[in-house]
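Take a look at the structure set out below.
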Number of protein chains: 2
Amino acid sequence: MMISNTKNADSVTSCGSCSVRAVSFCSAVPHRDLGVLARSRHQIQFRRRETIVREGDAAVSFFNVTAGIVKLYRSLSDGRTQIMGFRFPGELFAIAETSRYGTTAEAVTDVETCRYPRARLKRLTSSFPQLQAKLLQMSYREQVASDDHIFLLGRKTAREKIATFLLRYGREACQGIGGKGRHVNLPMTRTEVADFLGLTTETVSRVLTSLARESIITVGVSRSVGLIDIDSLTRMSGK
Amino acid sequence: MMISNTKNADSVTSCGSCSVRAVSFCSAVPHRDLGVLARSRHQIQFRRRETIVREGDAAVSFFNVTAGIVKLYRSLSDGRTQIMGFRFPGELFAIAETSRYGTTAEAVTDVETCRYPRARLKRLTSSFPQLQAKLLQMSYREQVASDDHIFLLGRKTAREKIATFLLRYGREACQGIGGKGRHVNLPMTRTEVADFLGLTTETVSRVLTSLARESIITVGVSRSVGLIDIDSLTRMSGK
DNA sequence: CGTGATATTGAATTGCATCAAGCTAAGTGG
DNA sequence: CCACTTAGCTTGATGCAATTCAATATCACG
């Protein structure tokens, strides 16, 4: 069994040939300076279910996702858990300038990241002023996503929540997978979907089977969902 | 009756003597360059209930609150409304780099703002690199607040929501008002509280009277609330 | 092929919403 | 300055969407 959290020589990628560079914050670093960036980061992998950073711990690193999906969440001692959001390849997490991490980050799938010391960030942004503009842009985009999520949690019904989720994350999570682009393999469990949408697993399950009975979706094995009637889903997503 | 939305000569403030400068984004502009900033902005007032920007409109300006409170919200055609957050003096809104405003902004109290053309922002940030760092810091702080709100909406009960709100916004909204620092005059209506917390006005009212019966708070006239047993409130806020 | 983790389904419960009055306070115009 | 008006707030009765509790079913994996 492979030990995780270790650099795996096979998978070390140079920044120049990185698959997420185009969409990631590193796109703000000029090509000829990528060496500076590469020297600042460690490439770290995590296996599904592994905790990457823990809410409340001293915030020493920030991360860039290069492969896989990360969830950011908070839990109460009584077990109530809310997932604030997911991070996909090219997205950053644990970057807010606070002394302690504000959320726990956990690998939803096997994940590859670049880890940077936060202390290095100041030096990087002063070396590459574009970087700050890029970080700001990414932060604003996150804010828009948070506002969407706030509306969903505060005012949408279970059906609307699920419809929104299937359209929004189904697509994002599995671009390029499945026939006709409307068959998605959800990477997250029912519990994770529920903890994201402010529901229970039972309710998620019930809504999915009810949508399937109405032939709006199909529910297959291993978290595959077919989006049959996207128009209905869109209408019921409450937009 | 005064016409709103007009510059009122009496209340024009120079940036140098602005009451919110210390805490606002303009603190990143050196004192000797405040003239540049002042020439970029219009000071605009809004009366309680006035809409400042409308969701979906072309995003031409961003605003800095200098007095009063602004709410940011989205509505569905069926009337469901969710307030994403409030903006207090020194805070920015409508600044995310999108072509259209993502939320409606409305004055909760009489409000004074500085309005800037978005087109000017690029020039300002390139003139004052500190500004970008400040904007990023403010954006991250907002993100933390959004995460708090997401948890509240997704996982807290009505009582926990109200307790959290009273502690968090009661204090913030009325610093310096009232005896012993624990008597707050909520500036927002029950409907606004409800639309912020994902509840109905009736539930807000019921929870408040129930907390009053338990002598945890007192509910007075004109939205004044006395926080009697702050420890109980803190415990029940679900932190 | 068995075992633990995930997912579904059913029945009962409940927290909050909805519907429906009434009440209170703050304006507003006479 | 007072009666009228209306927006805002409270309270009560009832309904229902989603949770909770409890089995069972199915999948993934060694």
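Letters go in sequence order (proteins before strands), and every chain restarts at 1. As a basis for the values below, the full set of heavy atoms in this structure was taken, side chains included, without hydrogen atoms, waters or symmetry mates.
Annotation: of the two residues near DNA chain D, B/Arg206 and B/Thr191, the 5′-most nearest-nucleotide partner is B/Thr191. Comparing A/Arg159 and A/Ser222 by the nucleotide of DNA chain D whose heavy atom lies nearest to each, the residue mapping closer to the 5' end is A/Arg159.
Rounded to a whole Å, the CG atom of B/Leu153 is 16 Å from the C1' atom of C/dG15. In this structure, A/Met188 places its CE atom 12 Å from P of C/dA7, rounding to the nearest Å. Spacing between atom CD of A/Glu192 and atom P of C/dA5 amounts to 15 Å, rounded to whole angstrom units. The interatomic distance linking B/Lys156 (NZ) with C/dC16 (C1') rounds to 18 Å, in whole Å. Put simply, CG on B/Leu197 is 12 Å from P on C/dC16, counting in whole angstrom units. Here the C1' atom of nucleotide D/dG8 and the CG atom of B/Leu186 are 14 Å apart, to the nearest Å. Computed from coordinates, the B/Leu211 CG to D/dT11 P distance equals 13 Å when rounded to whole Å. Residue A/Arg223 contributes atom CZ, which lies 10 Å from atom C1' of C/dA7 at whole-angstrom precision.
Among the heavy atoms of the strands lying under 4.0 Å from B/Arg49 are primed sugar atoms or P, OP1, OP2 only; no base atom is included. B/Leu208 comes within 4.0 angstrom of nothing in the nucleic acid, heavy atoms only. Note on A/Val193: nothing from the nucleic acid sits closer than 4.0 angstrom, heavy atoms only. Residue A/Val219 is classed as a sugar-phosphate contact, given heavy-atom separations below 4.0 Å to backbone atoms only. Within 4.0 Å (heavy atoms only), A/Gly198 reaches sugar-phosphate atoms of the nucleic acid but no base atom.
Using the six-membered ring where Trp is involved, A/Phe63 and A/Phe93 have ring planes that are parallel, under 30° apart on the 30 and 60° scheme.
Checked against C/dA25, C/dT6, D/dA18, the side chain of B/Val221 finds its nearest nucleotide in C/dA25. Among D/dC9, D/dA22, C/dA7, the nucleotide with an atom closest to any side-chain atom of B/Thr189 is D/dC9.
Considering B/Arg74, B/Arg47, B/Arg49 as possible partners of B/Glu106, the one that fulfils the salt bridge (charged side-chain N to carboxylate O under 4.0 Å, His left out) test is B/Arg49.
The pair B/Arg155-A/Asp195 meets the salt-bridge criterion, with a side-chain N (NZ, NE, NH1 or NH2) lying under 4.0 Å from an Asp/Glu carboxylate O. Using a cutoff of 4.0 Å between basic side-chain nitrogens and carboxylate oxygens, B/Glu160 and B/Arg235 are not scored as salt-bridged. A/Arg141 has no carboxylate O lying under 4.0 Å from a charged side-chain N of A/Glu91, or vice versa, which leaves the two without a salt bridge.
At C/dT9, one or more side-chain N or O atoms of A/Thr209 fall inside 4.0 Å of OP1 or OP2 (strictly under the cut-off). For B/Thr200 and C/dA17, the shortest distance from a side-chain N or O to OP1 or OP2 is below 4.0 Å. A/Arg48 has no side-chain polar atom (N or O) that falls below the 4.0 Å cut-off from OP1 or OP2 of C/dA5. Distances shown here put a side-chain N or O of B/Thr203 below 4.0 Å from the OP1 or OP2 atom of C/dA17.
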Evaluation steps, side-chain hydrogen bond (donor to acceptor under 3.5 Å, both in side chains), between A/Ser146 and B/Ser146 = CA-CA 7 Å; A/Ser146 288; B/Ser146 289; 4.9 Å; no
